Amino acid sequence: MHESDSKHGTDISRSVNSVLGTNCDVPGTDLLDIRGLRTFFHTGEGLIKAVDDVSFGICRGEALGVVGESGSGKSVTALSIMRLIQIPPGEIAGGAAMYRGKDLLKLPESKMRQIRGNEIAMIFQDPMTCLNPLMTVGDQICEAIILHQKLKKRDAWDVGISMLEKVKIPLPVKRMKAYPFEMSGGMRQRVMIAMALSCNPSILIADEPTTALDVTIQAQILELISDLRRDTGMAVWMITHDLGVVAETCSRVVVMYAGMVMEVGTVGQIFHDPLHPYTVGLLSCLPRVDKIRERLTPIAGQPPNMAALPKGCPFVERCVRAMEGCWENRPEEKEVGEGRRVRCWLWE
Amino acid sequence: MMSNAVLVLGGNRSELSDFTRGMSINVAFTNRVKITPYAVFDEESKGLVDVDGILSEHPDAIEATGTITDIILNPAVWFDFGRSYRQQREVRDIIHDSFKNTAYLSVVAMLIAIIAGIGAGVVSAVKPYSFVDYLTMTAALIGVSMPVFWLGLMLILLFQGQLGWVTGIGFGEITWFKVNLGLFSFHLPWHQNVILPAITLGTVPMAIIARMTRSSMLEVMNLDYIRTARAKGVSNWNVIIRHALKNSLIPIITVIGVDFALLLAGAVLTETVFSWPGLGREIVDAITFRDFPIVMAGVVLFAFIFVMVNLVVDILYAFVDPRIRYQ
């Protein structure tokens, strides 16, 4: 690796360690273990393999980042685990997701409902559209509490107030009776987080939670999520296309491309010593504080057409280090160190 | 008498229509209520010519109105339309009696339409492009396109003629029967004669409501907050009723309002087929016999109903959607 890269990597890992305070650097099969997940969509243009043989695990209390550009399958992976994919046109074609000894992909719908929102909660990208406009914030928070904790409305309401306090919303008693349209984007995302955490889930899936927010609000929300993770001991599965977000909040990173996992490693490894040419490309797109007036080098080409992927490696068309064999044969994921996996012929 | 007639037939229409324009409905308030068109103003003789000799039979039909003040104070402006030529009763009483029946029929028809229509729409939207969806929407398409009078006749033919489940035509009688539930009992009304007309009248609105519910629900079901609700673990049924249906209500309420006003105002065909003593039939009869006071009263009443129903619909919006507030 280049000297500059390593310098940058050290900076980031230092900041990461200060935020994290976690020791789960070992790839966990502890809490949730996804193995060989395949999610396909049957569309007019043909079969779209949105998620193709994705495996990774999440440890208790860890913060895992899943990065990739739009359409790389990171959201679909999460939605598949939550079983929120619309079938048809979607189809979960294979794999397993073991959570506390149960395979989430095979649970009956009624059992799955007890997991959703209760043990695995999810927050979404755009807080402006993710809250029901006709229900008060309180009613929406209480809905999950009444459902999962079997509380009476009045008790649930008190829990709701304490949740709003937890996510640092001022005047929580009054805010419970407000409608979403009376709140700002940042406030609504806080409400979403309060709603997701109201049943003390063991995993919080955050699907690009800050993409639709202002930069200052982004920082607040990320800090809030990190704080809550430390306080409650839940695991956070952070889906993002922003490597900055990953560096700030996560301990381990999964890099996805075209529905496949390209590389898995700790934040330090990924930023300090990226193995896959795609990861290297992603990092060189980032602006840097330590290098002045350097042109950014984008990854050449376009994200692939998911209906017509190359026969070999999906990244081959854009790869600067592509070899002849890359066009013909698809690489398998290979373990290249403890908790370190990469899908590339360079590391075979 | 002569100058009065000129005033009545020619003048002051503009002032009166200014009054009506305020309601944004163009009802021609001339005071022809008191002058039948059977009398024509003749330029040469400068007098009224009694065309059919009706004036001599009904001398009070040509009660003179006199000055402009009298015209502005025309009773018709104040919803007093005088007496019917044919029935020799106060128009107020005729309208009251017949509108009562039409309102009753319309409410029953609309209840059927709303319950069945929203039900069918929800079922379709929950499983779009399924067999049930295609079946429901084909039925709705047929319902919309069905000529009301034909449907009414066919229902009579089937349920009265072939099956003999229903007897009698016209309003019939409302009976009360006792329901005994052990500890307490109560009375429920039963009105056999309203069933077929109500189904006939309700079919078109039912189909329109079903189609509107389906499209509105399908739109809402793809929105982010529905996914949020599912991610919370809310059951499918609760997602549909609490989150999706409530959010699709605004366009549904709009069509219900418009259809209800239409039913209240114009159940003409159904009432004629079933000999229902309602307003629509009363007005058709009045038109046939050129009984102008009733026709005018009917038109004004229709306009009034439309305005009121739209007002109620607008107020309902605010109850459904907290974002809508009227200052």
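Below, chains carry the letters A, B, ... as their sequence lines are ordered, and counting in each starts from 1. In this text, all values refer to a predicted model and were calculated from it rather than measured experimentally. All heavy atoms count here, side chains included; hydrogens, waters and symmetry mates do not.
- Ranked by heavy-atom pairs under 4.5 Å with chain A, the first of B/Asp321, B/Val320, B/Asn247 is B/Asn247.
- When each of A/His148, A/Gln125, A/Glu182, A/Gln114 is scored by its heavy-atom pairs under 4.5 Å with chain B, the top score falls to A/His148.
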Practice task
I would like to know whether B/Met221 and A/Gln86 meet side-chain contact (heavy atoms from CB on, under 4.5 Å); could you show each step before the answer?
Solution key: CA-CA 11 Å; B/Met221 292 292 272; A/Gln86 203 178 1; over 6 Å; no
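- In this structure, chain B has no heavy atom under 4.5 Å from any part of A/Met128.
- Shown here is B/Phe177, whose CZ atom has more than 12 heavy atoms of other residues, nucleotides or ligands within 6.0 Å.
- When heavy atoms are compared at a cutoff of 4.5 Å, A/Gln140 approaches chain B by way of both its backbone and its side chain.
- In the displayed structure, A/His42 atom NE2 is contacted under 6.0 Å by more than 12 heavy atoms of other residues, nucleotides or ligands.
- Of all heavy-atom pairs between A/Arg113 and B/Ser235, the closest is CD-CA, 3.4 Å.
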Practice task
Report the C-alpha separation of A/Leu147 and B/Lys232 in whole Å, then their side-chain angles, then the decisive distance to 0.1 Å, and conclude whether the side-chain contact (heavy atoms from CB on, under 4.5 Å) test is met.
Solution key: CA-CA 9 Å; A/Leu147 201 68; B/Lys232 273 193 285 189; 5.8 Å; no
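- The structure places CG of A/Leu134 at 12.0 Å from CZ of B/Arg242, a figure rounded to the nearest 0.5 Å.
- Of all the listed residues (A/Ile115, A/Leu84, A/Asn118, A/Thr136), the one sharing the greatest number of non-hydrogen pairs under 4.5 Å with chain B is A/Leu84.
- Between A/Asn132 and B/His243 the shortest heavy-atom distance is ND2-ND1, 2.9 Å.
- In this structure, no portion of A/Met112 lies under 4.5 Å from any heavy atom of chain B.
- Ranking A/Leu131, A/Asp126, A/Ile123 against chain B, the residue ahead of the rest is A/Leu131, based on heavy-atom pairs under 4.5 Å.
- Taking all atoms of both residues into account, the shortest heavy-atom contact from A/Met82 to B/Ala231 is CE-O, 3.9 Å.
- Within 6.0 Å of atom OH in B/Tyr129, 12 or fewer heavy atoms from other residues, nucleotides or ligands are found, so the atom counts as exposed in its surroundings.
- With a 4.5 Å cut-off on non-hydrogen atoms, A/Leu79 touches chain B through its side chain but not through its backbone.
- Contact count versus chain B (heavy atoms, under 4.5 Å) is highest, among A/Ala196, A/Ala144, A/Pro133, for A/Pro133.
- Heavy atoms only, all atoms of each residue included: A/Cys130 and B/Thr228 are closest at O-OG1, 2.8 Å.
- For the residue pair A/Phe181 and B/Pro322, the shortest heavy atom distance occurs at CZ-O, 3.6 Å.
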